[in-house]
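One structure below.
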Amino acid sequence: MKILVLGADGPIGRRLVKEALYRKCEVTVLMQNPSLLQEEHAALHVREGDLLAPGAIASAAAGCEAILSAFGTEPGEGPLLSEAARLILEGAHAAGVERVIVAGGSGTLLTAPGVRVMDAPDYPEELLPLAQAHAEAYEIFAESELEWTYVSPAAWIEPGKRTGNFRVGMSMLVTDDEGHSRISIEDFAAAVIDELDDPNFIRSRFTVAY
């Protein structure tokens with residue numbers, strides 16, 4: 001499958017590229033600083049550019065069958081998430097790409113009916129604006145008529161091992177018997193490419209955790 005990966009300069013994006021190549025995908029990445037990728041492969045094509053630039057995504061996605069986004073921002077840059085969401089959908093439409101998979105945030109996952117992770121009293125106040133920005137971006141994807149999927153990680157995601165063993169949920173935060181919610185970046189990437197290979201969550205959201 002030919003795919004475009006956005007956000008490949010970040011830890012999740014880099015791992016998505018590696019996992020996709022491992023699964024025999026032909027991967028194009030669009031990034032401002034290609035040296036950050038640190039990956040070489042015959043099936044990897046690097047295009048230098050800013051995904052927020054008009055027409056950049058449509059041009060990079062030409063001939064692709066899917067777009068995978070791991071675009072993220074730092075706290076204080078939340079509005080860029082909504083802008084990127086709109087540009088991803090516009091670029092996909094212009095390039096004739098129906099399938100879009102987005103690696104997003106976990107703040108909008110539910111801990112109880114109507115109660116989001118980000119609504120908890122102990123949720124870090126400094127992260128609330130970014131969580132809200134992810135929530136707004138999610139709504140933009142949710143209103144799309146494309147075959148979108150939004151993938152939320154566990155509450156805690158960090159580099160680790162690729163085990164291939166994890167649990168899958170939908171809108172509820174997945175926790176273990178001790179109430180912890182975590183996943184390695186490697187297994188998160190594996191779950192995303194699983195969905196690419198065998199779609200089960202078209203126009204919906206899912207999450208993964210141990």
Side-chain angles (χ1 to χ4, degrees), residues 1-78 80-92 94-95 97 99-106 130 133-134 137 141 148-154 156-164 166 183-197 208:
M1 185 179 294
K2 295 182 178 180
I3 65 172
L4 170 65
V5 177
L6 305 173
D9 52 346
I12 293 176
R14 285 195 294 270
R15 188 64 207 190
L16 283 177
V17 170
K18 186 180 291 290
E19 183 71 23
L21 291 170
Y22 173 72
R23 307 277 193 102
K24 310 300 183 185
C25 292
E26 185 172 341
V27 180
T28 297
V29 298
L30 174 65
M31 52 195 305
Q32 287 185 289
N33 189 353
S35 64
L36 294 175
L37 184 59
Q38 300 178 340
E39 184 80 32
E40 293 185 2
H41 195 284
L44 176 61
H45 314 288
V46 180
R47 296 191 54 159
E48 186 172 354
D50 182 0
L51 67 85
L52 297 176
I57 294 174
S59 177
C64 291
E65 299 163 76
I67 296 175
L68 274 59
S69 175
F71 176 77
T73 62
E74 298 295 328
E77 299 179 333
L80 291 179
L81 287 172
S82 293
E83 182 181 355
R86 294 187 182 93
L87 288 171
I88 289 167
L89 293 173
E90 290 173 4
V97 178
R99 189 75 172 108
V100 176
I101 303 179
V102 180
S106 61
L130 186 57
H134 274 291
F141 287 111
W148 62 272
T149 300
Y150 192 92
V151 192
S152 289
W156 186 259
I157 180 169
E158 62 183 347
K161 295 182 179 180
R162 184 190 187 282
T163 69
F166 44 79
I183 192 73
S184 71
I185 293 176
E186 290 78 3
D187 275 336
F188 181 72
V192 172
I193 305 302
D194 284 348
E195 174 63 16
L196 178 68
D197 285 343
V208 292

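None of these values were measured; they are calculated from a predicted model.
Of the charged side-chain nitrogens involved, none lies within less than 4.0 Å of a carboxylate oxygen, so that Lys18 and Glu186 do not count as a salt-bridged pair. One finds no salt bridge joining Arg14 and Asp9 here, because no Lys/Arg side-chain nitrogen approaches an Asp/Glu carboxylate oxygen to under 4.0 Å.
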Using the rule given for salt bridge (charged side-chain N to carboxylate O under 4.0 Å, His left out), can you reason through Glu90 versus Arg86, listing the C-alpha separation, both sets of side-chain angles and the distance that settles it, and then say yes or no?
CA-CA 6 Å; Glu90 290 173 4; Arg86 294 187 182 93; over 6 Å; no
Evaluate the side chain to side chain contact (heavy atoms under 4.5 Å, CB included) criterion for residues Glu39 and Leu44: first the C-alpha distance (whole Å), next the side-chain angles of each, then the deciding distance (0.1 Å), finally the verdict.
CA-CA 8 Å; Glu39 184 80 32; Leu44 176 61; 3.9 Å; yes
Arg99 vs Glu195, salt bridge (charged side-chain N to carboxylate O under 4.0 Å, His left out): CA-CA, chis, key distance, verdict:
CA-CA 11 Å; Arg99 189 75 172 108; Glu195 174 63 16; 2.8 Å; yes
Evaluation steps, salt bridge (charged side-chain N to carboxylate O under 4.0 Å, His left out), between Asp197 and Lys24
CA-CA 11 Å; Asp197 285 343; Lys24 310 300 183 185; over 6 Å; no
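Residues Ala61 and Ala95 approach most closely at CB-CB, 3.8 Å, considering heavy atoms. In terms of heavy atoms, Ile3 sits closest to Ala20 at CD1-CB, 3.7 Å. When every heavy atom of Phe188 is checked against every heavy atom of Ile183, the shortest pair comes out as N-CG1, 4.0 Å. Closest approach of Cys64 to Val97, counting heavy atoms only: O-CG2, 3.5 Å. For Ala70 against Ile12, the heavy-atom pair with the smallest separation is CB-CG2, 4.0 Å. Residue Ile57 comes nearest to Gly91 through the heavy atom pair CG2-CA, 4.0 Å, listed as atom of the first residue, atom of the second, then distance.
Here the options are Leu196, Val17, Leu68, the test is side-chain contact (heavy atoms from CB on, under 4.5 Å), and the partner is Cys25; only Leu196 passes.
The backbone N or O of Thr163 sits less than 3.5 Å from a side-chain atom of Asp187, completing a donor-acceptor pair. Without hydrogens or angle criteria, Thr28 side chain to Leu4 main chain gives no donor-acceptor distance under 3.5 Å. A donor-acceptor pair is defined here as one N or O able to donate and one able to accept, closer than 3.5 Å; such a pair exists between the side chain of Tyr150 and the backbone of Gly105. With hydrogens and angles disregarded, no donor-acceptor distance shorter than 3.5 Å links the side chain of Glu26 to the backbone of Met1.
Side-chain contact check for Val29 versus Arg47: every heavy-atom pair is 4.5 Å or farther apart.
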